[in-house]
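Shown next, in structure tokens, is the structure this report addresses.
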Amino acid sequence: DSGVTQTPKHLITATGQRVTLRCSPRSGDLSVYWYQQSLDQGLQFLIQYYNGEERAKGNILERFSAQQFPDLHSELNLSSLELGDSALYFCASSVDGSGTQPQHFGDGTRLSIL
Amino acid sequence: AQSVAQPEDQVNVAEGNPLTVKCTYSVSGNPYLFWYVQYPNRGLQFLLKYITGDNLVKGSYGFEAEFNKSQTSFHLKKPSALVSDSALYFCAVSPLPDTDKLIFGTGTRLQVFP
């Protein structure tokens, strides 16, 4: 058990809809990362937050947004969903944002767009 | 562009034999290097990292990896494979100065046969 909790585990919705994915980091970790894993794109870094502030941005679409709350949990919001957004979305956390410490991954949220 | 290459989609090895999973990278400077493992329907688990120092790093479950700066490689090794090692293995690079981001390879599926 990595200590990172993601909810829900599965999400099925339709095109055009909006969903929110939630992540609780490991106790004591200040940094949260979001990734998208799909068969065609592999594992792609989306965005990172550190202690409530956005730290780094990767290949995140404008339809996607995220935030980290004062209790350090994070949410990833996906809107105007398209079929191509179907993927496994992972949250990871690390104790700091230095890059020297490993990231600990949750088990992911599987998003299916019908 | 910065990238990580895992040239083998799949590696097959008999139980008890040594295994190697290859990784090469193309980033500027001296990056931080990581190996992660993913079991079915689970998130990635950290195996080991290279930050600086000894080129041979030891990690979890008997795995080790050798950093070779001249060949820009970071191959994962284990002296004696177990059937339970069968999983998907990812090499990742944290490039300086953007150490907050992890660039992942496409993954290598390791199949260990009894």
Side-chain angles (χ1 to χ4, degrees), chain A residues 1-7 9-10 21 23-26 29-51 53-60 68 87-110, chain B residues 1-9 23 25 27-53 57-61 63 65 67 74 87-109:
Chain A
D1 183 12
S2 67
V4 178
T5 303
Q6 288 189 248
T7 57
K9 291 189 187 303
H10 303 278
L21 282 52
C23 170
S24 294
R26 278 192 336 161
D29 284 359
L30 297 177
S31 203
V32 168
Y33 308 77
W34 286 99
Y35 292 89
Q36 180 193 59
Q37 186 179 34
S38 61
L39 284 176
D40 54 344
Q41 298 275 359
L43 198 58
Q44 298 280 323
F45 166 72
L46 295 179
I47 197 166
Q48 180 209 1
Y49 281 81
Y50 177 77
N51 204 19
E53 300 288 329
E54 182 183 307
R55 173 71 73 91
K57 229 170 182 176
N59 302 319
I60 188 166
Q68 186 180 28
L88 197 51
Y89 291 84
F90 286 109
C91 168
S93 71
S94 68
V95 64
D96 60 29
S98 68
T100 62
Q101 300 304 316
Q103 295 181 22
H104 300 274
F105 285 73
D107 286 339
T109 293
R110 184 171 297 280
Chain B
Q2 302 183 102
S3 62
V4 177
Q6 293 182 243
E8 301 152 319
D9 289 337
C23 172
Y25 61 91
V27 300
S28 55
N30 298 315
Y32 304 147
L33 301 161
F34 300 82
W35 275 100
Y36 287 83
V37 60
Q38 185 178 28
Y39 295 98
N41 301 311
R42 300 299 304 276
L44 280 70
Q45 294 178 32
F46 168 74
L47 278 179
L48 50 79
K49 66 179 180 180
Y50 173 83
I51 305 299
T52 187
V57 293
K58 294 187 183 300
S60 306
Y61 313 119
F63 284 93
F67 169 63
F74 189 55
L88 188 56
Y89 290 80
F90 289 94
C91 179
V93 170
S94 188
L96 296 170
D98 296 325
T99 56
D100 299 331
K101 300 179 183 179
L102 269 183
I103 303 172
F104 282 89
T106 51
T108 297
R109 187 164 299 282

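As the structure is a prediction and not an experimental result, all values here were calculated from the model. The analysis underlying the following values was restricted to heavy atoms, covering all of them including side chains, and did not include hydrogens, waters or symmetry mates. Each chain gets a letter, A, B and so on, in the order the sequences are listed, and its residues count up from 1.
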Can you say whether [X] sits under 4.5 Å from chain A via the side chain, the backbone, both, or neither, judging by heavy atoms?
X      : result
Q45(B) : neither
Y50(B) : neither
L44(B) : both

Query raised in the report: Hey, does the side chain of Q6(A) reach the backbone of C91(A) with a donor-acceptor pair shorter than 3.5 angstrom?
Result: yes
Report task. Go through Q37(A), K57(A), Q41(A), K9(A) and name the one with the most non-hydrogen pairs under 4.5 angstrom from chain B. Result -> Q37(A)
Query raised in the report: Which residue out of F90(A), F105(A), Y50(A) racks up the most heavy-atom pairs below 4.5 Å with chain B?
Result: F105(A)
Requested in this report: Check whether the side chains of S94(A) and Q101(A) place a donor and an acceptor atom closer than 3.5 Å, and report yes or no.
Outcome: no
**Report entry** salt bridge (Lys or Arg N to Asp or Glu O under 4.0 Å) partners of residues 35-47 of chain A, not counting sequence neighbours, each pair once
**Finding:** none
Query raised in the report: How are the rings of Y89(B) and F63(B) set to each other: parallel, tilted or perpendicular (split at 30° and 60°)?
Result: tilted
Query raised in the report: So do F74(B) and V93(B) actually touch side chain to side chain, heavy atoms under 4.5 Å?
Result: no
